[in-house]
Amino acid sequence: EKKPEILTIGEIRRLTETAFAVKHEWRHVWALALLTGMRNGELYALQWSDIDWENKLITVARSFNCRKREISSTKAGYWRDVPMSQDCLRLLQELRAITGNQTYILPRLNRWDHGIQAAVLRNFCSENNLPSVRFHTLRACFGTQLLRQGVPSAVVMKIAGWKDLKTMQRYIRLAGV
């Protein structure tokens, strides 16, 4: 069995700090993925109406399918709430100032529309002496970091929308818990 890709907390910081320092067009997408554990299509479909500022929650109810070019339900088929950390709250406030009254939270990037998000991330990582990872690895980083902080696996499963305990066991092993 090949060990799955994962970034350390130091590598996560380097990725986000470097992306923001150079004002990379994907910086907000990557940061929100790392702060919420949302899937690629869920991030793409995320709207301002999904944000509950008062309770600091993000409702994940939709996902974009780039092959079918349509927005439908999430992969698991049900909605979930993701709590916002202080970093996530600050990022969303920054994005709100940028997007104004637009429907979607994140920018509509051309390469994202065509499903090339993994290649963009791999190239950025390679150029910046970071381990080359897939876009989905950002989701794994979110889960393993929560587990390393002592968040119970059942809570992590609920937040990230993992239904299968077998899948969750993989992240528990990656976290070294």
Side-chain angles (χ1 to χ4, degrees), residues 1-46 56 58 60 63-64 66 75 80 82-95 98 105-107 109-162 164-177:
E1 179 186 3
K2 182 182 170 194
K3 184 177 178 183
E5 302 171 331
I6 197 74
L7 297 173
T8 65
I9 190 68
E11 292 165 338
I12 291 169
R13 285 190 182 116
R14 273 190 29 228
L15 169 67
T16 54
E17 288 170 2
T18 305
F20 275 84
V22 301
K23 293 186 175 16
H24 195 282
E25 67 178 345
W26 286 79
R27 66 190 181 277
H28 296 111
V29 177
W30 297 335
L32 197 56
L34 287 162
L35 291 168
T36 64
M38 292 172 64
R39 294 175 180 92
N40 170 54
E42 294 168 346
L43 289 164
Y44 191 91
L46 191 62
K56 297 181 182 170
I58 301 170
V60 181
S63 184
F64 177 73
C66 74
K75 179 180 178 184
R80 68 182 188 279
V82 176
M84 287 189 264
S85 65
Q86 284 302 102
D87 288 334
C88 184
L89 185 59
R90 277 192 295 275
L91 178 68
L92 287 170
Q93 289 168 339
E94 179 182 328
L95 282 163
I98 294 168
I105 292 175
L106 293 165
L109 304 169
N110 186 41
R111 290 176 284 182
W112 202 6
D113 289 339
H114 294 91
I116 309 173
Q117 65 279 352
V120 175
L121 179 58
R122 282 196 186 278
N123 289 340
F124 182 82
C125 288
S126 294
E127 291 167 3
N128 290 284
N129 298 317
L130 287 160
S132 178
V133 295
R134 297 175 296 129
F135 190 92
H136 197 72
T137 301
L138 304 179
R139 178 170 163 75
C141 291
F142 171 79
T144 56
Q145 289 305 313
L146 285 181
L147 291 165
R148 285 179 179 154
Q149 293 170 16
V151 177
S153 58
V155 174
V156 176
M157 281 180 73
K158 185 80 172 162
I159 291 170
W162 287 304
D164 185 5
L165 188 57
K166 186 177 178 182
T167 302
M168 190 65 214
Q169 291 294 351
R170 178 182 209 192
Y171 296 106
I172 290 171
R173 282 183 42 212
L174 281 172
V177 177

Would you confirm whether Ser126, through its side chain, and Asn123, through its main-chain N or O, come within 3.5 Å as a donor-acceptor pair? no
Chi angles and distances behind the side-chain contact (heavy atoms from CB on, under 4.5 Å) call for Val29, Phe135: CA-CA 10 Å; Val29 177; Phe135 190 92; 3.8 Å; yes
Those residues that, when tested against Glu127, pass salt bridge (charged side-chain N to carboxylate O under 4.0 Å, His left out) (two or more places apart): none
Could you check Thr36 against Glu42 for side-chain contact (heavy atoms from CB on, under 4.5 Å), going step by step and ending with a plain yes or no? CA-CA 10 Å; Thr36 64; Glu42 294 168 346; over 6 Å; no
Would you call His136 and Asn40 a side-chain contact if the rule is heavy atoms closer than 4.5 Å? no
Strictly distance-based, threshold 3.5 Å: is any side-chain N or O of Arg139 a donor or acceptor partner for the main-chain N or O of Met38? no
Short side-chain to backbone donor-acceptor contact, Arg111 and Gln117, under 3.5 Å: no
With a 4.5 Å cut-off on side-chain heavy atoms, are Leu46 and Leu32 touching? yes
Is there a side-chain contact between Trp26 and Leu121, using heavy atoms and a 4.5 Å cut-off? no
Any side-chain heavy-atom pair from Glu25 and Val120 closer than 4.5 angstrom? no
Between Val133 and Cys141, does a side-chain contact (heavy atoms from CB on, under 4.5 Å) hold up when you go through it step by step? CA-CA 11 Å; Val133 295; Cys141 291; over 6 Å; no
Return the orientation label for the Phe124 and Trp30 ring planes: parallel under 30°, perpendicular over 60°, tilted otherwise. tilted
Nearest heavy-atom neighbours spanning Ser132 and Cys125: CA-CB, 4.0 Å
Between Trp162 and Val156, is any pair of side-chain heavy atoms under 4.5 Å apart? yes
Any side-chain heavy atom of Pro131 within less than 4.5 Å of one from Glu11? yes
Test side-chain hydrogen bond (donor to acceptor under 3.5 Å, both in side chains) applied to Arg27 - qualifying residues, sequence neighbours left out: none
How about Leu92 and Ile105: do any of their side-chain heavy atoms sit closer than 4.5 Å? yes
Which atom pairs, one a donor and one an acceptor, fall under 3.5 Å between side chains of residues 12-22 and the rest of the protein, sequence neighbours left out?
{"residue": "Arg14", "atom": "NH2", "partner": "Asn128", "partner atom": "O", "Å": "3.3"}
{"residue": "Arg14", "atom": "NH2", "partner": "Asn129", "partner atom": "O", "Å": "2.6"}
{"residue": "Thr16", "atom": "OG1", "partner": "Ile12", "partner atom": "O", "Å": "3.1"}
{"residue": "Thr16", "atom": "OG1", "partner": "Arg13", "partner atom": "O", "Å": "3.2"}
{"residue": "Thr18", "atom": "OG1", "partner": "Arg14", "partner atom": "O", "Å": "2.7"}

Drop me the distance from Leu34's CG to Cys88's SG, to the nearest 0.5 angstrom. 11.0 Å
Can you name the closest pair of heavy atoms from Ala33 and Leu43 and give their distance? CB-CD1, 3.5 Å
